[in-house]
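Structure record follows, encoded as structure tokens.
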Amino acid sequence: MENGKEESANGVCSKESVDGSRDVWSCKSSSHSNSNSNSPDHIVIMVHGILGSATDWKFGADQFVKTLPHQVFVHCSEKNMSMLTLDGVDVMGERLAVEVRDVIQRKPNLRKISFVAHSIGGLVARYAIGRLYKPPEGENMEYSKGTIGGLEAINFITVATPHLGSRGNKQVPFLFGVTAFEKAASLVIHWIFRRTGRHLFLTDDIEGKPPLLKRMVEDYDDLYFMSALRAFKRRVLYSNLVIDIVGWRTSSIRRDSELPKWEDSVNEKYPHIVYEELYKASDADEGEPGVVIDGCSDKIEEELVTGLSRVSWEKIDVSFHSSRQRFAAHSVIQEPERKIQASLSQTSPVNDGFLLEDVPHLTNFLPDLPEYPNPLQNSQAYAIVKKTFVSPDDAVTQNVVVQKDTPRGVHFRRSGPREKVYFKPEEVRACIVTCGGLCPGINTVIREIVYGLNYMYGVHDILGIEGGYKGFYSRNTVTLTPKIVNDIHKRGGTVLCTSRGGHDTNKIVDNIHDRGINQVYIIGGDGTQRGAALIYKEVENRGLRVAVAGIPKTIDNDIAVIDKSFGFDTAVEEAQRAINAAHVEVESFENGIGIVKLMGRYSGFIAMHATLASRDVDCCLIPESPFYLEGKGGLYEFIEQRLKENGHMVIVLAEGAGQEYVAQSMRSVDEKDASGNRLLLDVGHWLSQTVKDHFTNVLNIPVNMKYIDPTYMIRAIPSNASDNIYCTLLAHSAVHGAMAGYTGFTVGPVNGKHAYIPISRVTEKTNTVKLTDRMWARLLASTNQPSFINDDVSMLEKVDRETIDAIDSMKIYDI
């Protein structure tokens with residue numbers, strides 16, 4: 001390797017040896033240095049398939065390092081390149097074992113090892129680990145299941161690998177399952193693929209030894225094939241269902257009867273994944289009789305399945321049947337640019353299905369950035385903190401409720417100060433911009449960003465961009481100092497002014513560059529955060545040293561992933577005033593009906609929480625739960641019932657509820673605001689008039705209607721104590737992240753712990769009230785209102801399939 005050529009691009013360094021093998025690492029970690037104690041301690045060995053080379057994994061290796069820059073060092077094997085892949089699984093396995101030992105000796109800092117292998121490379125890797133396995137030694141052993149080359153075994157992942165061989169029985173799809181073709185192939189395959197062909201078709205039972213693949217399902221002589229597999233914390237099988245030169249059964253280690261039924265997709269993030277299974281180890285005896293396949297007993301294949309089933313496997317089935325490249329599925333499944341490859345990034349040192357959804361870092365595209373000690377280490381405020389800096393390995397889990405033996409799931413990088421920063425305080429020129437509608441707490445976030453930069457990091461050059469995104473290129477900036485922002489948290493709105501729309505990525509980045517800005521703090525909703533993502537991408541494309549941090553803002557609480565958005569608690573608290581006023585009014589008149597319209601374009605969180613907090617509300621209507629007026633179980637019937645029982649009634653209505661009814665009774669024009677939001681019709685006025693007309697003209701019951709719309713009163717107030725504290729945490733998290741060199745991220749609490757979240761995760765869908773969750777059930781139990789879902793099948797289908805799905809998938813595409 002020392003005579004190879006070293007290259008770097010986008011924060012990824014690589015070195016190719018004269019024999020073609022390739023090492024890949026993060027430029028920031030300098031992990032190619034043999035003596036660097038801070039280099040990654042986890043090596044990922046990538047093994048190509050038949051007639052392949054190390055370049056087959058080039059993109060995949062780069063993606064591993066970009067995803068886990070501080071954790072993995074990748075080695076793409078090349079000892080079995082091209083025609084050498086025809087020498088036989090055993091010969092190739094011995095070569096790979098020697099190659100891995102050499103790499104481990106060159107990298108004394110390594111502690112963990114994983115394998116990712118494609119096609120025949122999976123069999124070669126299985127042979128190699130059998131040679132590399134070291135049984136546990138002595139008492140109080142750290143690795144009770146043994147090691148691979150002296151390293152802790154983490155992940156063993158194979159992709160489209162013929163684990164059961166290709167011995168007929170419809171294991172080779174391109175032979176169409178024709179028995180005659182398969183038998184003929186087994187007789188001539190060695191003419192094409194030489195010894196490797198004999199191993200694949202299990203025709204190598206010579207010199208009294210069973211076929212190699214049969215030997216590899218147990219510890220055989222001095223090769224610990226099964227002990228080595230057991231040593232890994234995870235074993236994963238990726239299999240193509242259709243249109244692959246390797247059969248589904250052989251790559252997924254299943255019998256015919258075990259092949260699952262599948263649908264087009266079960267995974268939104270990785271659409272080619274159609275089935276996932278966690279197979280637990282079987283204790284079946286080796287002598288178990290074979291199953292009957294195609295009318296005869298195939299004892300060898302049954303022994304292979306039984307033997308390999310003695311360890312647990314994660315089985316992931318993939319289908320490219322609808323893809324343009326479906327006929328190249330055997331190769332496509334290996335390509336990491338496909339979303340399926342992203343799930344292979346679980347080669348993190350953490351096991352049990354741990355997946356870190358990391359955020360970008362400036363060193364990903366500026367690998368030579370210098371780092372500096374964090375000024376907080378000299379801060380009086382942090383002097384008494386037991387642990388000033390967040391560990392690089394700290395992560396926040398997305399799901400805190402899990403079942404036994406299930407994967408740990410998605411995690412996000414924990415927010416907070418890092419030991420090293422990538423900006424000198426005197427070099428920082430930061431800017432803050434607010435976009436979209438008003439919300440309690442915006443001024444608090446602005447104040448705390450300024451205070452955090454100034455008092456924690458000694459940054460004094462901070463600009464405020466006036467008027468939203470368009471302010472970058474059409475308005476002047478204002479200087480922000482602690483003195484200027486000292487008491488702005490006591491005011492509502494935003495001191496920087498705001499606007500909708502106006503996003504022009506090139507103009508904005510041009511302005512950022514021209515002004516010498518290197519930290520951008522963007523406060524806004526999902527449309528604004530999409531704009532932040534575009535700014536980050538353009539900054540990366542231009543290679544600018546600019547950190548882009550988002551602080552999510554929406555009074556409706558409809559931002560995904562995070563626990564809640566700032567201003568929400570204040571909105572719920574202020575809504576109580578309107579509800580209380582309505583209740584006082586209707587109690588004072590006969591047949592009083594009060595309707596309070598609250599914010600909630602697509603999500604009814606404010607209405608739901610305000611209702612639960614008030615206890616004076618009789619009925620809550622939200623966009624996620626369609627209602628109907630007439631007939632049994634309808635709103636009219638419920639209002640009439642409550643008037644008879646109590647003499648009055650209070651209805652809380654989210655602004656996005658009942659829009660289909662308003663559209664039918666009014667001339668609807670599909671208009672949008674500058675942010676791309678659909679302009680809603682005034683459901684409050686419509687419902688008030690409709691209910692009044694029905695009771696007065698149809699039922700001859702006079703009612704006293706009181707309608708209250710506190711929307712702008714709520715949006716314009718300062719944040720309460722709870723939101724003020726929350727805004728401080730958000731602002732400080734953003735400042736710590738930007739100073740630490742993270743970019744293209746947003747901040748927020750996930751299960752009570754603040755984290756750095758990829759912007760794409762908070763903008764991919766709208767957070768809505770789930771009618772099947774307990775919180776909505778609690779509201780129904782509190783108000784005793786009807787669910788407005790009658791027994792009519794068509795009504796149920798409308799609610800389940802049309803309305804809820806439409807709301808859950810609503811996105812704003814304009815910025």
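Numbers here are sequence positions counted from 1.
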Report task. May I ask you to test the P482-V450 pair for a side-chain heavy-atom distance under 4.5 Å? Result -> yes

Report task. Can you see which heavy atom on D510 is nearest to which on R542, and at what distance? Result -> OD1-NH1, 2.6 Å

Query - Pairwise side-chain contact, R545 with Y422, heavy-atom cut-off 4.5 Å (strictly under) - result: no

Query - I446 and I488: CA distance, side-chain angles, deciding distance, side chain to side chain contact (heavy atoms under 4.5 Å, CB included) verdict - result: CA-CA 9 Å; I446 295 170; I488 63 172; 4.0 Å; yes

Query raised in the report: Taking the six-membered ring for Trp, are the ring centroids of Y457 and H736 within less than 6.0 Å of each other?
Result: yes

Query raised in the report: Does a side-chain heavy-atom distance below 4.5 Å link C439 with T554?
Result: no

Query raised in the report: Is there a side-chain contact between D358 and Y756, using heavy atoms and a 4.5 Å cut-off?
Result: no

Report summary line: To the nearest 0.5 Å, atom CD1 of I523 lies from atom CD of Q529 at 9.5 Å

Requested in this report: Could you walk me through whether K770 and T768 pass the side chain to side chain donor-acceptor pair (under 3.5 Å) test, one step at a time?
Outcome: CA-CA 6 Å; K770 300 298 183 290; T768 58; 3.3 Å; yes

Requested in this report: Look at R447 together with D487 and state whether they make a salt bridge at an N to O cut-off of under 4.0 Å.
Outcome: no

Query raised in the report: Can you name the nearest heavy-atom pair linking G458 to P425, along with the distance?
Result: O-CB, 3.6 Å

Query raised in the report: Taking K537 for the side chain and G744 for the main chain, is one N or O donor matched with an acceptor at less than 3.5 Å?
Result: no

Query raised in the report: With the threshold set at 4.0 Å, does a side-chain nitrogen-carboxylate oxygen contact exist between E655 and R601?
Result: no

Report summary line: Of all heavy-atom pairs linking E427 and N518, the shortest is O-ND2, 2.9 Å

Query raised in the report: Side-chain contact, heavy-atom cut-off 4.5 Å: Y469 with S499?
Result: no

Query raised in the report: Between atom CD1 of I535 and atom CG of L544, what is the distance when rounded to the nearest 0.5 Å?
Result: 12.0 Å

Query raised in the report: Shortest non-hydrogen contact from A547 to Y742?
Result: CB-O, 3.6 Å

Report task. Quick one: pull up CD1 in I595 and CD1 in I651 and give me the separation to the nearest 0.5 Å. Result -> 4.5 Å

Report task. May I ask you to decide if I555's main-chain N or O and S565's side chain share a donor-acceptor pair within less than 3.5 Å? Result -> no

**Report entry** Donor-acceptor under 3.5 Å (Y382 side chain, K387 main chain)
**Finding:** no

Report task. Ignoring hydrogens and angles, tell me if any N or O in the side chain of D616 forms a donor-acceptor pair with the backbone of H583 under 3.5 Å. Result -> no

Report summary line: Output for pair (K483 NZ, L480 CG), nearest 0.5 Å, gives 14.5 Å

Query raised in the report: Would you say R530 and I759 make side-chain contact, with heavy atoms under 4.5 Å?
Result: no

Requested in this report: For N443 and V495, indicate whether the former's side chain and the latter's backbone hold a donor-acceptor pair under 3.5 Å.
Outcome: yes

Report task. Determine the interplanar angle of the H609 and F605 rings, folded into 0 to 90°, and report it as parallel if under 30°, tilted if 30 to 60°, perpendicular if over 60°. Result -> tilted

Requested in this report: Verify, without hydrogens or angle tests, whether D682 (side chain) and G684 (backbone) share a donor-acceptor contact under 3.5 angstrom.
Outcome: yes

Report task. Please indicate whether K420 has more than 12 foreign heavy atoms, meaning atoms of other residues, nucleotides or ligands, lying under 6.0 Å from its NZ. Result -> yes

Report task. Rounded to the nearest 0.5 Å, what's the gap from CZ on R413 to OG on S415? Could you check? Result -> 11.5 Å

Query raised in the report: So, the side chain of N751 versus the backbone of Q398: is there a donor-acceptor pair under 3.5 Å, distance only?
Result: yes

Query raised in the report: Do any N or O atoms from the side chain of Q576 and from the backbone of V572 form a donor-acceptor pair under 3.5 angstrom?
Result: yes

Requested in this report: Look at the side chain of T498 and the backbone N and O of G436, then say whether any donor-acceptor pair between them is shorter than 3.5 Å.
Outcome: yes

Requested in this report: Check whether any side-chain heavy atom of N506 lies under 4.5 Å from a side-chain heavy atom of D504, and answer yes or no.
Outcome: yes

Report task. Go through the steps for N454 and V459 under the test side chain to side chain contact (heavy atoms under 4.5 Å, CB included), then give the verdict. Result -> CA-CA 5 Å; N454 193 293; V459 174; 6.0 Å; no

Query raised in the report: Under 3.5 Å, side chain of T397 to main-chain N/O of V400, donor-acceptor pair present?
Result: no

Report summary line: CZ of F745 to CD1 of I757, rounded to nearest 0.5 Å, is 10.5 Å

**Report entry** Worked check of salt bridge (charged side-chain N to carboxylate O under 4.0 Å, His left out) between E371 and R418
**Finding:** CA-CA 11 Å; E371 57 184 28; R418 265 49 182 181; over 6 Å; no

Report summary line: Closest non-hydrogen contact found for R761 with A560 is O-CB, 4.0 Å

With a cut-off of 3.5 Å and sequence neighbours excluded, list every side-chain donor-acceptor pair involving residues 711-720.
| from | atom 1 | to | atom 2 | distance (Å) |
| --- | --- | --- | --- | --- |
| T711 | OG1 | D709 | OD1 | 2.6 |
| S719 | OG | T444 | OG1 | 3.3 |
| S719 | OG | N724 | OD1 | 2.6 |
| N720 | OD1 | T570 | OG1 | 3.2 |
| N720 | OD1 | S722 | N | 3.3 |
| N720 | OD1 | D723 | N | 2.9 |
| N720 | ND2 | E573 | OE1 | 3.0 |

Requested in this report: Just do the side chain to side chain contact (heavy atoms under 4.5 Å, CB included) check on Q519 and V546 with the steps written out, would you?
Outcome: CA-CA 5 Å; Q519 289 187 12; V546 178; over 6 Å; no

Query raised in the report: Tell me, do E624 and S603 make a side-chain contact under 4.5 Å, heavy atoms counted?
Result: yes

Report task. Take L355 and H411 through the test side chain to side chain contact (heavy atoms under 4.5 Å, CB included) and record every step on the way to the result. Result -> CA-CA 6 Å; L355 176 60; H411 292 67; 5.9 Å; no

Requested in this report: Search all heavy atoms of A610 against all heavy atoms of L598 and return the closest pair with its distance.
Outcome: CB-CD1, 4.0 Å

Requested in this report: Give a yes or no on whether K470 atom NZ has more than 12 heavy-atom contacts from other residues, nucleotides or ligands under 6.0 Å away.
Outcome: no

